Structure formats: C-alpha cells, structure tokens
> 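Please see the structure below; I have some questions.
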Amino acid sequence: MLRMSTLFLRTLREDPSDAEVPSHRLLVRAGYIRRAAPGGFTWLPLGWIVYRKVEAIVRAEMDAAGFQEVHFPALLPREPYEATGRWTEYGPNLFRLKDRRDNDFLLAPTHEEMFTLVVKDLFSSYRDLPVSIYQIQTKYRDEARPRAGLLRGREFVMKDSYSFDVNDDGLRESYRRHREAYIRTFDRLGLPYVIVSAMSGAMGGSASEEFLAPLEVGEDTFVRCTACDYAANTEAVRVAAPDIAAATAGPSRVVDTPGTPTIDSLVDHLNGDADLTRSDRQWAASDTLKNVIIKLVHPDGRVEPLAIGVPGDREVDMKRVEAQVSPAEPAPFGDADFANYPMLAKGYIGPGSLGLNSASGIRYLVDPRVVANSAWVTGADRAGHHVVDLVCGRDFTPDGLIEAAEVRDGDPCPECGAPMESARGIEIGHIFQLGRKYAEALDLKVLDADGELVTVTMGSYGIGVSRAVAAIAETSHDDAGLIWPRAVSPADVHLVIAGKEGGPQRPAAEVLAAELEAAGMSVLFDDREGVSPGVRFKDAELIGVPTIVVVGRGIDDGLVEVKDRRSGERSDVAIGEVVAHLRSLVSA
RNA sequence: CGGGAAGUGGCGCAGCUUGGCUAGCGCACCUGCUUUGGGAGCAGGGGGUCGCGGGUUCGAAUCCCGCCUUCCCGACCA
C-alpha cells in the first residue's frame, strides 16, 4: 500500500516553466519524474512503479515469444565499434570517454556489435539457429537537442532485440515473430500505434517498419491512406507511378522561352504564347520536369554529383533524398560546382545534358512519375529555351529512379490510389531486417548442413521503454492531469478520505484499504492529515489512477463514492460491496 | 550548428532600464489556533554562493567580457 502521508512525493500546483509537452509537464507536476541532467531524469517512486510495469509488460511479451534476455555493459571499448566503422560513423552523437590508461571507451547508443560478437563467441553451427536475444538497457546518445522530457533524452531505456538466422527465409520469420510480439506489447500497454513502412537506411535496404504513436508532438511525419491500411514514414513513401501504354505526344521541339528560369515563369509563358498553348487544357507545373543537381558525399570522402528529376510542381525533399542515398550525405551543388560543368545551363537544365553517357556524365535519377511514354516540358540546356513533348524512353533515358519528390496531403496511395493524409507520430518501436552488415563486419559465420561457412543474417528490433511511459502519458491525459491505462497505473485504486478529522471516514477507509489489498488490489491511500478535500481531489486527478474511491459524507449511510478518472462518472456503492465492485472493474 | 527567449530558495515569478540600506512576492515547507466535499484562514517561522568565471566600481542580482545550461523554431537525429 502506498500511503500518501509517507510517500516520497511532492505535487506541484504550477507547470514547470521548462516543460512544454503535456507528458513532460504532467509527469513532473504529478511527482513521477524530476529533471536531473540535460536530457536525463530521475524516476520518483510513482514514476518508477509505472516504468517497471511498462518494462514488465515488454519483458513478458519478449519472453512469451521465446526471445531470451541478456544484459550487456553500457560502457564499452572502442574496438567493436571500430570494426563496423561506427566509432566514426556515429559522429558527435556518440558519448566517448577515456579510461586511466588513455584507452577509448564509449557509452553505447545501441548494441548491434556486442550482440553479434556474443553470438559469434557462443555459436558456430546452423543447428544453433535461429536464436533471438534481447536486453533492456540504458542507452546514451549525445543528442544535439534533448527535448520534451522523456520523449527525447540523452540517457534513455531501450529494449533491443536481435535475431540471428542462417538464411533470408529465417530472417523473415524472425521478423514476423517480433512484429507480432510488438503488436501484443503495445496493445497491452494501451498505447495507440500505426505501423508504417520505414527506410532501412542503406541502399537496396530490406524491410523495416516503425511503430508510431500518432501524436501531434511527435517528431516523425508519416502518411496513411484514407481507404486502405497503407502507411509509411515520409522518407519511405512510394510514389504511385502512372501506367502509360504509348506516347501520344508529337515529336519533341525546342522552343523559345526567354526569361523563364523558374517553373512559375515557365508555366506562365507556355500559357501566354499562342504557339505553345495546349488544345485540351492549360499547362500546369506538373507538366514540367525540374532537374535539380546536388552533390553526394560518400563515407570514403568521394564527392559525386547527382541530378534528380521531379515534376515541376514539387520540391525535392532533402530528407527523402538522404534516406535514399544513405550512407552518403547530400550536399548543395554550389556556383563553384556549376563552374566545373559548363554544359549545365542553370535554370534550363534538361535531360539532354544529364546521364552517365551524356556530356556531363552526371548520374540522372528521376521521380517514379517520370515513366516510359510520359511527355514533359523541360530545359533545353540553353538559357531561355525549353523542350516541349520530350518523352521519357523515346527522347531520353534516365539512369534510374529515386523517391525524392516531396510528399503531400492528398497524394494517391501506391496500394489503392485513394488519397493519403499526413500526420505526426512518436516512434515507439522499430523493427528492421538488418541483413548481413554486422555479421560480415564482425565475421559471424556458422557451418551449414553441407559443412560450408555461411554468414548469418540478422534483424534488430527496438522499443523505447522510457519513451513509452511518456507516450502513454501523452496519449492519455486531460486538463486536470494524467489518466493511466490500468495495465501501467501506479495503483489499482486511489483511496481518498474526505471528512472531518475524528469522524468515521478515516477508520472506515483504513479498513477498506486493507480489504482492497487483501483482495489483491494495489492501493494509493491518501491518508494525509490536515489536508483539505479540494487538495486531495486535485492531487488524485493529477496523479491519474483510473479509479478513485472517496470515503466521505456518504459513510453514515454505508456508502462510498467510486469515480472513474477518465469519464468523471461517479456512483455510490455500499461499502460492503465495494471490494467486489472494484475487483470487477480492475480485472475488466 | 544557426535564429530567438531565458537562468533569482523545491516550484512559479518580480527586482536589472537608471549599481546603494536586511534580495521581494505567490505556492510549497515548519509551529500554533481555527477550518474540512473541490488547490482554506489568521499569526509566527526556516530556507537563496541571484547559472559559472573574470572584469569595472568605494559598492554588482543590476554594467562589461567569456563560458555553461534550459526552452522555442530550424538543421541534425536506428
């Protein structure tokens, strides 16, 4: 039993000034957490109870799925991370430190290397696989900007799992089992989520999905179809490509378009010149093909120019580009770069000067909407000139496709064609078919049935445990305070005494509290003396136990009040029946 | 990393422009009395290196320089 008279708790009447998002505000105000360091929080007793309940549910579902728990140090030597290149690749987000002998160490931001090495250490046969192991561990990332309390800290708790299989079929099965375990976990946590397709990072990536709690305060933008169940992170959205059977446009022709370096000016010119107007409709920005040049900086330092062609009504979304070209980094193509490519007429760049086999030799990738037989107005590689009716596949051939164009509300779903809508969410889980990257880097191989060495294929799967606490608070609160789902509430029942000191309420409440505990329910008991009823009610609402029981003025008639925190509904229940009544509520 | 705002008892804030007596207010905390179904009243208390370091000055929360931290927007971020 948690007695508020002795509980290590102090609620705040006012919002802390540095807290913006509701979960941060309320968790601090209600006495669950306290800021201890930039991006680091102390868990107070109520908060730690909730945290452990969340952790227990995560652990129970991992165990139920047959995954085995291990535990690594957070403080690790440099070497394994050097072997995979991440000592440098992780950049400034990695906490690095030295021991007394000047050896490099790090505080692990994630543990792929260690899991890979421990499996290599123990196992060497296909007979040992598949295996999935996990840990619940404190992670460290030197975030440029910790924010929103528990939602993005520099120290946080993550459940990370890794699967090890001999082949791709096995990986897919391990991935499926984790996906189902995650669905069960988030369902039990009472956390709403959307499963979205995500970018796996490296080119030619394998399957990756994120579990996003759909919340405005979230940092991830995703789109979902209004008709079917397609949903994807913005970076990973696939564009629905039209199917055009044959080119209907006439032969391409170069036209004079003086002073039209922008798409808007070009469209205005096309619609304003009698020789160029269309018979069927006005020209639109989406009829034009805009070619944007960027630079890619590869991890080895090599710099490669890249041309991206998108419909003129859309911007190139650098986040989407980055996700496509990772691990290379996109960078702007500046005036100095243009000087090296005199064949590029800025503002009038067209496919004629682009492509690996062209004069520039610049790789040319286009949006999937630029399909075979589609006709475009695009630059003629001469200032003041454009080409009309340039048909893809007939008049030019790109080097490939790239998903780089911005995504908009209302864009058609790639699955069913219905309009999609965008929303924001908090990433609470991520499942990812890693493949052989780490196994190759760290030489994790097993003997197969034929006695041949094969490289193991891996999956990695994460749940932000401390973030999940904040996400639950974020999805479940009102103006008065938190409202915990029963599965993670710090108590089953919040029992409040409301009556004059010395009256019958206190002894009756003491008896009731003991009976509730005896019946298997956990009780947060407001047994404080000299505290006015208003304070008790406000604190109860702030703390957010889903069921509040008031032993008050009804006690003379043998009645106590049962309040539902979420709905606000109250009902009087005979004190002799309240234990059974509450037990049915709590177990419902 | 760029732009903006801000650091004063546990929490929320004032004071700073124009340097000066004991650094003030509300909440919280302690003592006493009253009060007890929606953040009570009265009286009396305790608690603050004014973010850190340096400088100017007879004198700095206040002015100057540097740094750190927090929040917001952007960049960044399995």
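These numbers come from a predicted model, not from an experiment. The sequence lines fix the lettering, A, B, ..., with proteins before strands; numbering per chain opens at 1.
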> Would you tell me if any nitrogen or oxygen in the side chain of A:Ser17 comes within less than 4.0 Å of OP1 or OP2 on B:C11?
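Looking at the OP1 and OP2 atoms of B:C11, neither is under 4.0 Å from any side-chain N or O of A:Ser17.
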> Can you tell me, in whole Å, how much space there is between the C1' of B:G74 and that of B:A78?
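Straight-line distance between the two C1' atoms is 23 Å.
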> Now, which nucleotide makes the Watson-Crick or G-U wobble pair with B:C11, with each of the two distances under 3.5 Å?
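WC or wobble partner is B:G26.
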> Quick one: label A:Arg152 by what it contacts on the DNA or RNA (base, sugar-phosphate, nothing), any heavy atom closer than 4.0 Å.
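Base contact.
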> Within this structure, what is the CZ-to-C1' distance between A:Arg154 and B:U69, rounded to whole angstrom?
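Between C1' of B:U69 and CZ of A:Arg154: 10 Å.
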> How far, in whole Å, is B:U31 from B:C65 if one measures between their C1' atoms?
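These two C1' atoms come out 48 Å apart once rounded.
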> Would you mind pulling out the nucleotide paired to B:U17, Watson-Crick or G-U wobble, both distances under 3.5 Å?
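None - no nucleotide pairs with B:U17, as no candidate has both distances under 3.5 Å.
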> In Watson-Crick or G-U wobble terms, both distances under 3.5 Å, what is the partner of B:C63?
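Matched B:C63 with B:G55 under the 3.5 Å cut-off.
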> Can you find a donor-acceptor pair, distance only, under 3.5 Å between A:Arg10 side chain and B:C29 base?
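Flag unset: no donor-acceptor pair detected.
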> Rounded to the nearest angstrom, tell me the gap between atom CZ in A:Arg25 and atom P in B:C72.
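In whole Å, B:C72 P and A:Arg25 CZ are 12 Å from each other.
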> Could you measure between the two C1' atoms, the one in B:C67 and the one in B:A28, and give it in whole Å?
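About 33 Å, rounded to a whole number of Å.
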> Kindly indicate, with the supporting measurements, whether the criterion salt bridge (charged side-chain N to carboxylate O under 4.0 Å, His left out) is fulfilled by A:Arg314 and A:Glu406.
CA-CA 6 Å; A:Arg314 286 173 196 267; A:Glu406 63 176 318; 5.9 Å; no
> Just how far, in rounded Å, is P of B:A28 from CG of A:Leu9?
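Those two atoms, CG and P, are 14 Å apart.
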> Measuring only the P atom in each nucleotide, how far is B:A61 from B:U8? A whole number of Å is fine.
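The same atom, P, in both gives a distance of 15 Å.
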> Would you indicate which nucleotide in B:C71, B:C11, B:G10 comes nearest to any side-chain atom of A:Pro16?
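Of the options given, the side chain of A:Pro16 lies nearest B:C11.
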> Taking 4.0 angstrom as the limit, do A:Arg154 and A:Asp142 come out as a salt bridge?
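A:Asp142 and A:Arg154: salt-bridged.
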> A:Tyr461 or A:Gly149: which one's nearest nucleotide on RNA chain B is closer to the 5' end?
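It is A:Gly149 whose nearest nucleotide is closer to the 5' end.
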> Paired with B:G74: which nucleotide, if any, by Watson-Crick or G-U wobble criteria at under 3.5 Å for both distances?
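Pair assignment: B:G74 / B:C1.
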> Please give the distance between the P atoms of B:G9 and B:G48 as a whole number of Å.
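To the nearest whole Å, 11 Å.
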> For the pair A:Asp168 and A:Arg436, find out whether any cationic side-chain nitrogen is under 4.0 Å from an anionic carboxylate oxygen.
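A:Arg436 and A:Asp168: salt-bridged.
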> Let me know the distance between NE2 of A:His24 and P of B:C71, rounded to the nearest Å.
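Answer to the nearest Å: 7 Å.
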> Measure CG/A:Asp15 against C1'/B:C27 and give the value in whole Å, please.
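Answer to the nearest Å: 13 Å.
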> How far, in whole Å, is B:U18 from B:A23 if one measures between their P atoms?
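Looking at atom P only, B:A23 and B:U18 are 24 Å apart.
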> Is a side-chain donor or acceptor of A:Arg141 paired with a backbone partner of A:Pro109 at a separation under 3.5 angstrom?
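Answer holds: yes.
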> If a pair satisfies salt bridge (charged side-chain N to carboxylate O under 4.0 Å, His left out) and one of its residues is in residues 67-78 of chain A, list it, with sequence neighbours excluded.
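Qualifying pairs, neighbours excluded: A:Arg59-A:Glu69, A:Arg78-A:Glu82, A:Arg78-A:Asp104.
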> Assess A:Lys159 against A:Tyr182: is NZ or CZ under 6.0 Å from the centre of the six-membered ring, and within 45 degrees of the ring's axis?
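Here A:Lys159 fails the 6.0 Å and 45° test against A:Tyr182.
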> Rounded to the Å, how far apart are A:Leu26 CG and B:C11 C1'?
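Computing the A:Leu26:CG to B:C11:C1' distance gives 15 Å.
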> Distance between the P atoms of B:G10 and B:G51, in whole angstroms?
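Between the two P atoms, the distance is 13 Å.
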> Does B:C33 have a Watson-Crick or wobble mate here (both distances under 3.5 Å), and if so which one?
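With both distances under 3.5 Å, B:C33 matches B:G41.
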> Against A:Tyr461, only a single residue in A:Ser174, A:Ser161, A:Ser163 fulfils side chain to side chain donor-acceptor pair (under 3.5 Å); can you say which?
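In the set A:Ser174, A:Ser161, A:Ser163, the residue that makes a side chain to side chain donor-acceptor pair (under 3.5 Å) with A:Tyr461 is A:Ser163.
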> In this structure, how many angstroms lie between the C1' atom of B:A78 and the OH atom of A:Tyr182, rounded?
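In whole Å, B:A78 C1' lies 11 Å from A:Tyr182 OH.
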> Between protein and nucleotides 32-45 of chain B, map the contacts as a letter string: B base, S sugar-phosphate only, - none, heavy atoms under 4.0 Å, written 5' to 3'.
----BBBBS-----
> Provide the distance between the two C1' atoms, one in B:C27 and one in B:G41, to the nearest whole Å.
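Between the two C1' atoms, the distance is 16 Å.
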> Any donor-acceptor pair under 3.5 Å linking the side chain of A:Trp484 with the backbone of A:Ile543?
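Flag set: sc A:Trp484 to bb A:Ile543 pair under 3.5 Å.
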> Can you measure A:Tyr438 atom OH to B:A78 atom C1' for me and round it to whole angstrom units?
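These atoms are roughly 8 Å apart.
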> Does A:Arg566 have any side-chain hydrogen bond (donor to acceptor under 3.5 Å, both in side chains) partners at least two apart in sequence or in another chain, and if so, which?
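Residues passing side-chain hydrogen bond (donor to acceptor under 3.5 Å, both in side chains) with A:Arg566: A:Ser476.
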> If you find the nucleotide of RNA chain B closest to A:Phe156 and the one closest to A:Glu20, which residue's nucleotide is nearer the 5' end?
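The residue mapped nearer the 5' terminus is A:Glu20.
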